[in-house]
Amino acid sequence: MQFDVITLFPDFIKSYCQFGIIGRAYKEEKIKLNTVDLRQFGLGKHKQVDDLSYGGGVGLILMVEPLFNALKKIPKKEKSKILITSASGKKWDQDFANKLKNEEQIIIICGRYEGYDERVLNIIDHEICLGDFILTGGELCALAVIDSVSRLVQGVLRKEETLEEESFKGGCLEYPQYTRPNEFNSWKVPDILLSGHHAEIKKWREEQAKEKTRKNRPDLVK
Ligand SMILES: C[S@@+](CC[C@H](N)C(=O)[O-])C[C@H]1O[C@@H](n2cnc3c(N)ncnc32)[C@H](O)[C@@H]1O
């Protein structure tokens, strides 16, 4: 999987992708990362990338021309999707990540300032939103896409980092988990988990997962 990210802050993206499972996947070339510095495509002596919004309003927005030119420079693979980050986009979630995991390439444009010239949408597949809040830029959202899709790419996770029992599978959150010691600060691990009764443990986990979903994410309960 190839990720190309157009951003005013390439180091922010590169830095995150050096660590943990994503860093390992990058080093092992299971994923590829190319950052494109939008500033290089800025206009005029000052490499301007933003301007005032027609019709008035506070703040500046990214101009369409630098975005278009930066995008044009990226070699496109056959199976490729172009995303742009936006608080008013479609919510990014596990289903979305699953849909994109079989692409060969995901190109992400990170918005900044007060947003971008809407005409850029002529060359975009999806506007994506990380959640119902306003960030200062799209880089965190781009990293969420890279991280969540990379985990689904064949060979990125090792056996012990399984995808089998995770939150959002079958519309349910993950069950609560515990590790050593059995007791800490008088907080005990539930007896059932120490019982060795696998069928009972499985049942308990399913019930707990349902309970947690009802409590924390009633919107997921069908
Ligand atoms: C300060 S925000 C602009 C917010 C915009 N004026 C609005 O009201 O929707 C700057 C950029 O950060 C990114 N951004 C902000 N919140 C986001 C979110 N929840 N999800 C994805 N990207 C976001 C977008 O790329 C946006 O263009």
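The figures that follow rest on heavy atoms only: side chains count, while hydrogens, waters and symmetry mates do not. Model, not experiment: these values are computed from the prediction. For reference, positions follow the sequence shown, starting with 1.
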Quick one: salt bridge (Lys or Arg N to Asp or Glu O under 4.0 Å) partners of Arg158, sequence neighbours excluded? Glu28

Suppose the criterion is salt bridge (Lys or Arg N to Asp or Glu O under 4.0 Å): which pairs have a residue in residues 9-25, not counting sequence neighbours? Asp11-Lys14, Arg24-Glu161

Which ILVMFWY residues are connected to Val58, directly or by a chain of links, through side-chain heavy atoms under 4.5 Å apart? none

Apply side chain to side chain contact (heavy atoms under 4.5 Å, CB included) to residues Leu83 and Ile106 and explain how you reach the verdict. CA-CA 7 Å; Leu83 317 180; Ile106 298 176; 3.8 Å; yes

Please lay out, stage by stage, how Phe3 and Val149 fare under the test side chain to side chain contact (heavy atoms under 4.5 Å, CB included). CA-CA 10 Å; Phe3 295 100; Val149 174; 4.1 Å; yes

Tell me whether Ile109 shares a hydrophobic cluster with Ile61, the cluster being built from Ile, Leu, Val, Met, Phe, Trp, Tyr side chains joined at under 4.5 Å. no

What pairs of donor and acceptor atoms, side-chain ones from residues 130-145 against any protein atom, are under 3.5 angstrom apart with sequence neighbours left out?
from, atom 1, to, atom 2, distance (Å)
Glu139, OE1, Arg112, NE, 3.2
Glu139, OE1, Arg112, NH2, 2.9
Glu139, OE2, Thr7, OG1, 2.6

To the nearest 0.5 Å, how far apart are OG1 in Thr179 and CG in Leu193? 11.0 Å

Ring pair (Phe, Tyr, Trp, His ring centres under 6.0 Å) contacts in which one or both residues fall within residues 158-198, not counting sequence neighbours: Phe184-Trp187

Does atom CD (Gln154) have a neighbourhood of more than 12 heavy atoms from anything else shown, all under 6.0 Å? no

Evaluate the side chain to side chain contact (heavy atoms under 4.5 Å, CB included) criterion for residues Cys172 and Leu220: first the C-alpha distance (whole Å), next the side-chain angles of each, then the deciding distance (0.1 Å), finally the verdict. CA-CA 7 Å; Cys172 209; Leu220 294 176; over 6 Å; no

Evaluate side chain to side chain contact (heavy atoms under 4.5 Å, CB included) for Ser80 paired with Ile107, printing each intermediate quantity in order. CA-CA 7 Å; Ser80 135; Ile107 301 170; 4.2 Å; yes

Salt bridge check, Arg217 against Asp219: does any charged N sit closer than 4.0 Å to a carboxylate O? yes

Sequence-distant partners of Trp92, ring-ring contact (aromatic ring centres under 6.0 Å, His included), two or more places apart: Phe96

Flag yes if more than 12 heavy atoms outside Phe41 fall under 6.0 Å of its CZ atom; otherwise flag no. yes

Any chance the side chains of Gln2 and Asn34 put a donor and an acceptor closer than 3.5 Å? no

Among residues at least two apart in sequence or on other chains, which ones pass side chain to side chain contact (heavy atoms under 4.5 Å, CB included) with Leu121? Ile84, Tyr116, Glu118, Ile124, Glu127

Is there a continuous path of hydrophobic side-chain contacts, each under 4.5 Å between heavy atoms, that joins Ile108 to Val153? yes

Taking atom CD1 of Ile31 and atom SG of Cys17, what is their separation to the nearest 0.5 Å? 6.0 Å

For residues Leu100 and Ile22: do they belong to one hydrophobic cluster (side chain heavy atoms under 4.5 Å, members Ile, Leu, Val, Met, Phe, Trp, Tyr)? yes

With a 4.5 Å heavy-atom cut-off, do His126 and Lys90 have their side chains touching? no

Contacts of Val221 that satisfy side chain to side chain contact (heavy atoms under 4.5 Å, CB included) - sequence neighbours left out: Thr213, Arg214

Search all heavy atoms of Cys129 against all heavy atoms of Ala87 and return the closest pair with its distance. SG-O, 3.4 Å

Under a single-linkage definition using a 4.5 Å side-chain heavy-atom cutoff for Ile, Leu, Val, Met, Phe, Trp and Tyr, are Leu38 and Met63 assigned to the same hydrophobic cluster? no

With sequence neighbours left out, what residues match Lys79 under side chain to side chain contact (heavy atoms under 4.5 Å, CB included)? Asn102, Glu103, Glu104

Distance from Lys32 atom NZ to Met1 atom CE, nearest 0.5 Å? 12.5 Å

With sequence neighbours left out, which residue pairs that include part of residues 187-205 fulfil the salt bridge (Lys or Arg N to Asp or Glu O under 4.0 Å) condition? Lys202-Glu206

Quick one: does any side-chain atom of Arg151 pair with a main-chain N or O of Val156 as donor and acceptor, under 3.5 Å? no

Donor-acceptor pairs are to be reported for all side-chain atoms of residues 66-78 against protein atoms at under 3.5 Å, with residues two or more places apart or in another chain.
from, atom 1, to, atom 2, distance (Å)
Asn69, ND2, Glu65, O, 3.4
Lys76, NZ, Leu71, O, 2.8
Lys76, NZ, Ile74, O, 2.9

Under a 3.5 Å cutoff, is there a donor and acceptor pairing between the side chains of Asp50 and Gln48? no

Partners meeting side chain to side chain contact (heavy atoms under 4.5 Å, CB included) with Arg119 (sequence neighbours left out): Val64, Asp117, Asn122

Distance, nearest 0.5 Å, that separates CD of Gln94 from OG of Ser167: 9.0 Å

Value rounded to 0.5 Å, distance of CG in Leu152 from CG in Leu157: 7.5 Å

May I ask you to decide if Gly111's main-chain N or O and Thr85's side chain share a donor-acceptor pair within less than 3.5 Å? yes

Hey, does Val36 have a side-chain heavy atom less than 4.5 Å from the side chain of Pro10? no

If you compare all heavy atoms of Leu52 against all heavy atoms of Gly59, which two are closest, and at what distance to 0.1 Å? CD2-O, 4.2 Å

Do other residues, nucleotides or ligands put more than 12 heavy atoms under 6.0 Å from Glu29 CD? no

